[in-house]
Each structure stands twice: as structure tokens, then as C-alpha cells.
Q: 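Quick one: structure below, then a few questions.
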Amino acid sequence: MNTEAIIDLLYKIADDQLIIGHRNSEWTGLGPILEEDIAFSSMAQDKIGQSLVLYRMLNDLGESDPDTIAFMRNADQFHCCQFVELPIGEFDFSIIRQFLFDTSEIIRFEMLSSSAYEPLALASKKFKGEIKYHIMHANIFMKQLGNATEESVKRLQDALETAMPYALGIFETSEYEDAMMDEGIFAGEATLRNKWTERIEEVISNTALKLPDIGNIEPKTGGRYGKHTAHLQPLLDEMAEVLRIDPGADW
Amino acid sequence: MYGGGNLFEPMSKDALKEEDPVKLSEFEARIERGEKIEPADWMPQMYRRQLIRMIEQHAHSEIIGALPEGTWITRAPGFKRKLALMAKVQDEVGHAQLLYSAAETLGKSREAMINDLINGKSKYSNVFNYPAFTWADCCFISWLVDAGAIVNQMANAKGSYGPYCRALARITIEEAFHLKYGHHCVIHLATGTPTQRKMMQEAINRWWKPMLQFFGPPDRISAHTEVLMKWKVKMLSNDGCRQQWLDMYVPKIWELGLTLPDDKLRQNPDTGKWEYTEPDWDEFKKVINGDGPCNKERLAVRRTAEERGRWVREALRKPKSEYVVPLA
Ligand SMILES: [Fe+2]
Ligand SMILES: [Fe+2]
């Protein structure tokens, strides 16, 4: 099997999970209601836990141990999409991001559940079960806030428009798309993007929101190849702050 | 988490004058027999007010307590610590949720309680007005401040108000995990590299006095709480809590090769009681009344969170549904 392609795929998914998890955890203590502090923390724990599983898989393929790859790389070595690294902003942005990103994520894991790469197929089946609840959370909030007050609808609409170019960056293709399809590892970003568009259209059609004209938006790409916004490096510095005090130590 | 040192409303001699003496003695007899008081049961006004005040302070302490540790979630060293700390702080917010519900059964809404927190009317545990400078401070809190909270909460779980006791039963189980996690973190620092050991010792030096103060002023200068003890609102005196904590944790701290910054600290071999240098109680009063190193920052964070989240709460409110007091 094409190990290089698998490593590339695992890195981008693991990095996405780690960084979105890190961002979601920033709501702890600051949520609009206590129940949302708890919800965002739960989702963050799931996602960071999933990234750990994927980093372990990478370790099995000859990469460094999870703590080293997660905490010690620089921004240009990260393969996450730019969408996940953006700051949490206000709750409107965070909930829109949760909706757009998690929808792509659950479809990705649905697709990967039948991957020819057995360890990833097994993990994806498990992740799917966890992310199901994240989707329920996102969809409930989209429906509630997207139909409630004038302010909530406007906020969500603005956030949707800000988020969309970055959301489309999730589907930036890798150089291994064909190889992965040929070997049955992953059915590819283009398929994922089509399924995603259908699902978000359906949820948004039950709100007072308008879906931006996706076909005419230039996606914010580069993340998959190590090109990031200015927000990622400070996040990574913060993440490694304690470890770097004494990198050889056992914390 | 919450220590002793609950601030109760001062009670005058005629606080109970208005109460029906027959009902009052029935109520006291029930408590005496070890029965739990439930939300719909008759209770003296003073019992209700003091309980609201105490449970509310406890709930506030959980959410404010989530702040100093919460700032270390994004910096926790490695996956294991990061995941554990996230779960721990999430538990603390969950405790607040449970406790606000318990207090709501007595007739004050969560919104009103949070408003009183923000406007400074109601208090929270003084210990959270001190900063967590380093990762080691965060570990100190997880182990030893939580340990202090457990002493108090285990005692209060045997109190007289049903909903509060049931909330505490669940909370103390989770706190036991926090303690284990915190202890594990401290062991790693205390037995680690010279840099780690130094970090841990400095954190202990910083937290020693606030930790002693955590349990509240000594009994001899505290307000009289005999009635509250009789009603099983307050279960253990401040000094009682403090002694229990010293008894359980000073030896464990010493065992790790760490020192405590108090020359007078020793267990009196005759009485079994711990002796220590009395912390500055005037300073304690100053800090609890708003003039500590982090009071303004802590409340500002909470206030900003409330303001930024207002539109969400308004959008979630269903105009036709009515407020229902939870039964807990
Ligand atoms: Fe707690
Ligand atoms: Fe705790």
C-alpha cells in the first residue's frame, strides 16, 4: 500500500483534530451558558483524543511519538486546514465553524470506515459514533439560533460568510488523490466536498439563513502544504510552553 | 471546589421570632432524627436564606475556580495531562451547574445568582483570587486545593438539605479523581529534574498561606454559627476542616521532599493538633472584599463572558415557556 499517501492523509486529519480541539477547549470557563462550556469541552476532548489515536498510527508507521509530533513541530510542518486554526471569535463564529467543520469530518470518517487501510477504517468507525453527537449539537444550535432573533440570525449569517472561504479550504486536494482512490484508501476530497455541500444545504434550508454562493468563492487553501495564517504559530507556542521549559523531563 | 469559611448572614437573637414555634420545633426534630429536608417542606426563612447563600457561594467557587486552571489547558505538557486537565475543569463547571440547580430549588434563579456574582454581592472562595503563575501552581490547585474542598464537601454531604446532599454525593466522587490526577502531577514535578522541583517548591511557597486561609478565619473570631450547626447547614467548623487537611496532607507533602514555608509548623504530640503561624486575617478580609491580586480580573472575565453570551441566551429563550423551579 502507498505508505506515503497514508502518512499524508493521517497527518492532515490528525492535525485538524488537534487544532480544532485546542480551539474548542478555549471556551472552557467563557461560554454563553454553562451547558456550552461543558459541550465545547466534551467535543474538544473527543477531538484531541482522536488526534492522539491518529498520531499513534503515524508512530506505528515510523514517525516520532505523539507528544513530539503534536507539541514540537512548527507551523510550517502542520497539515491542518486554515479553518481550524482561526481564533474562536464570538460564539456565532464558533458555532458556524463547528457546524461546517464537523459536518465535513463525519462524512470523512463515514467514507474512511471502508478504507482499505484497516487501522484507519477501524478508528473511523469509532470516531463516527463520537462525532454523531457533535453533529446533533451543531444542528440544534443552527436551527435554534438561525431562526430566533434578528440579532442571532444576522450574526450567524455574517459568520457564515466569513467562514465559508476557509471552510472550502478543508477540501484542498493532496498530491495522492488518484493513488488513494486506486488503492481504495480514501475516495477523495472532491467526493467529500459534494456530499458536504448537500448536507449543509439541507440544514441551512431549515433556518432563516442564506447559503453563500459556494461555486463562486475562492477557497482559502495552503494549509495542507504547511502554509498557514498568522494564528497558528502562537497557538503552537502556547501549546508547547511548559514542555519547552525542560524538554527532556517527564511531566 | 470550595473550602470552609462560608460567609453566612449574621443572625440576631430575634431572627426566629416570626417563625411558628410548633413548626420550628417539628423541623428541628426532623433534622435531629437525621431526616433530609426537601424543597417543598416547611423550613424557617433563615434556613432558606443561609442555604441559598452557602450553595450559591459554592457554585460560584466552581466556575471562578475553573479560571486559574482553565488558562493552563492550552499549555498542559503532553496529551495525557492536556486530556486530564480538560476533563477536570469540565467537571468543575458541571459542579457549578449541579449546585445552581440545588440552590434554585430554594427559590433563587441561576440568572439572579450569576448577576449577584458579577456585581460583587455574593462571594466565592478566596483562594481563587490568587494567580496560577506556572504549571506547578495549576498542579498545586488540582491536588491540594481540591483536597481542601473534599474535606469540606464530605462533611456537608451529611447535611440536612436533600438536594444539596445529593449534588455533593456526586461531586465528591469526581473530586476524588481530581485529587488523584493532581497528586500524580505533583509527584512528577517533585521527583523530576531540578527545574521541575524548583517550580513545585516555589508554587508551594506561594500557595501555603492562601491554602490555610481557604478554610476561613479561626473559630474564635468567626461569627457564631451554633444554630447553623444545629440545623446541619454547617457541618464542620473552619478549624476542624483546616486540621483535617493538615493532618492528611502535610505528611504527604513532606514525603515528596518538599518543604512548607512555616518554621512553626508541627503537630503537637500531646494534643495531636497542628500548630502553625497564623496567616494574616486582615489581609484575608481585604481580599475577600475585593482587594486581592486577581479579584478584578476574575470578575471581569466572568462579566465579559456574560455580556458576550447575552444574545445567545436571548435567542435560546422560548417566549412561551415559563420558568420552572428544578426539583433537583
Ligand atoms: Fe468541583
Ligand atoms: Fe475539583
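In this text the structure is predicted, and so the values were computed from the model without any measurement. Lettering follows sequence order; numbering is per chain, from 1.
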Q: With only heavy atoms counted, which part of A:Leu156 is less than 4.5 Å from chain B, the side chain, the backbone, both or neither?
A: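 Only the side chain of A:Leu156 comes within 4.5 Å of chain B.
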
Q: Is it the backbone or the side chain of A:Leu18 that comes under 4.5 Å from a heavy atom of chain B, or both, or neither?
A: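 Looking at A:Leu18, just its side chain touches chain B.
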
Q: Calculate, to the nearest 0.5 Å, the distance between atoms CH2 and CD1 belonging to A:Trp27 and B:Ile73 respectively.
A: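 If we round to the nearest 0.5 Å, A:Trp27:CH2 and B:Ile73:CD1 are 14.0 Å apart.
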
Q: To the nearest 0.5 Å, what is the distance between OG1 on B:Thr304 and CG on A:Leu30?
A: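 The CG atom of A:Leu30 is 9.0 Å from OG1 of B:Thr304, to the nearest 0.5 Å.
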
Q: Can you give me the closest heavy-atom contact between A:Ala148 and B:Ala315, atom names plus distance?
A: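 Between these two residues, the closest heavy atoms are CB-O, 3.3 Å.
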
Q: Quick one: what part of B:Arg302 sits under 4.5 Å from any heavy atom of chain A, side chain, backbone, both or neither?
A: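 Only the side chain of B:Arg302 comes within 4.5 Å of chain A.
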
Q: Could you grab the distance from atom CG of A:Leu52 to atom CG of B:Leu83, nearest 0.5 Å is fine?
A: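 Taking CG in A:Leu52 and CG in B:Leu83, the distance rounds to 6.5 Å.
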
Q: Can you tell me if NZ on A:Lys227 sees more than 12 non-hydrogen neighbours from other groups inside 6.0 Å?
A: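 No, NZ of A:Lys227 has 12 or fewer neighbouring heavy atoms, counting only those of other groups under 6.0 Å.
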
Q: How many angstroms lie between atom CZ of B:Arg81 and atom CH2 of A:Trp251, to the nearest 0.5 angstrom?
A: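 Reported to 0.5 Å precision, the distance equals 10.5 Å.
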
Q: So, taking the atom named CG in A:Asp237 and the one named OG1 in B:Thr74, what distance separates them when rounded to the nearest 0.5 Å?
A: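 The OG1 atom of B:Thr74 is 11.5 Å from CG of A:Asp237, to the nearest 0.5 Å.
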
Q: Go through A:Gln144, A:Arg23, A:His22 and name the one with the most non-hydrogen pairs under 4.5 angstrom from chain B.
A: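 Heavy-atom pair counts peak at A:His22.
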
Q: Flag the one option from B:Ile114, B:Val301, B:Leu316, B:Leu189 with the top tally of heavy-atom pairs under 4.5 Å to chain A.
A: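 Of the options given, most contacts go to B:Leu316.
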
Q: Between A:Thr149 and B:Glu314, do the side chains contain an N or O donor and an N or O acceptor separated by less than 3.5 Å?
A: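 Judged by distance alone, the side chains do not pair up.
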
Q: Quick one: sort the A:Phe71 and B:Phe79 rings into parallel, tilted or perpendicular, breaks at 30° and 60°.
A: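 A:Phe71 vs B:Phe79 ring planes: perpendicular.
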
Q: Which of residues 33-45 of chain A have a heavy atom under 4.5 Å from any heavy atom of chain B?
A: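 Hits under 4.5 Å: A:Ile33, A:Leu34, A:Glu35, A:Asp37, A:Ile38, A:Ser41, A:Ser42, A:Ala44, A:Gln45.
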
Q: To the closest 0.5 Å, what do you measure between NZ (B:Lys82) and CG (A:Leu243)?
A: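 One finds 10.0 Å between NZ of B:Lys82 and CG of A:Leu243.
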
Q: Without swapping roles, check the side chain of B:Gln196 against the backbone of A:Asp250 for a donor-acceptor pair under 3.5 Å.
A: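 Yes.
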
Q: Please rank A:Met239, A:Arg155, A:Arg244 by heavy-atom pairs under 4.5 Å with chain B and give me the top one.
A: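 Most heavy-atom pairs under 4.5 Å with chain B: A:Arg155.
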
Q: Using a cut-off of under 4.5 Å on heavy-atom pairs, state which of B:Gly78, B:Cys139, B:Gly309 scores highest against chain A.
A: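 Max contact count across the listed options: B:Gly78.
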
Q: Given a strict heavy-atom distance threshold of 4.5 Å, which part of A:Thr28 is in contact with chain B: side chain, backbone, both, or neither?
A: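 Side chain of A:Thr28 only, per the 4.5 Å heavy-atom cut-off to chain B.
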
Q: Spell out the residues in residues 76-90 of chain A that have some non-hydrogen atom less than 4.5 Å away from a non-hydrogen atom of chain B, in order of number; otherwise answer 'none'.
A: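 Result: A:Gly89, A:Glu90.
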
Q: So for B:Arg313, is it side chain, backbone, both, or neither that comes closer than 4.5 Å to the heavy atoms of chain A?
A: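 The side chain, not the backbone.
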
Q: Is there a side-chain contact between A:Asp92 and B:Trp311 in this structure, where contact means two heavy atoms from C-beta onward sitting under 4.5 Å apart?
A: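 A side-chain contact under 4.5 Å exists here.
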
Q: Would you say the side chain of A:Glu241 lies within less than 4.5 Å of the side chain of B:Trp135, judging by non-hydrogen atoms?
A: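 In short, these two side chains do not touch, never coming nearer than 4.5 Å.
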
Q: Within a reach of under 6.0 Å around NZ of A:Lys12, are more than 12 heavy atoms found that belong to other residues, nucleotides or ligands?
A: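 Yes, NZ of A:Lys12 has more than 12 neighbouring heavy atoms, counting only those of other groups under 6.0 Å.
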
Q: Could you look at A:Asp246 and say if it's the side chain, the backbone, both or neither that has a heavy atom under 4.5 Å from chain B?
A: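 When you check distances to chain B, only side chain atoms of A:Asp246 fall under 4.5 Å.
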
Q: Using a cut-off of under 4.5 Å on heavy-atom pairs, state which of B:Met199, B:Met86, B:His184 scores highest against chain A.
A: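 Ranked by contacts with chain A, first place is B:Met86.
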
Q: If you draw a 6.0 Å radius around CZ in B:Arg170, do more than 12 non-hydrogen atoms from other residues or ligands fall strictly inside?
A: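 No, CZ of B:Arg170 has 12 or fewer neighbouring heavy atoms, counting only those of other groups under 6.0 Å.
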
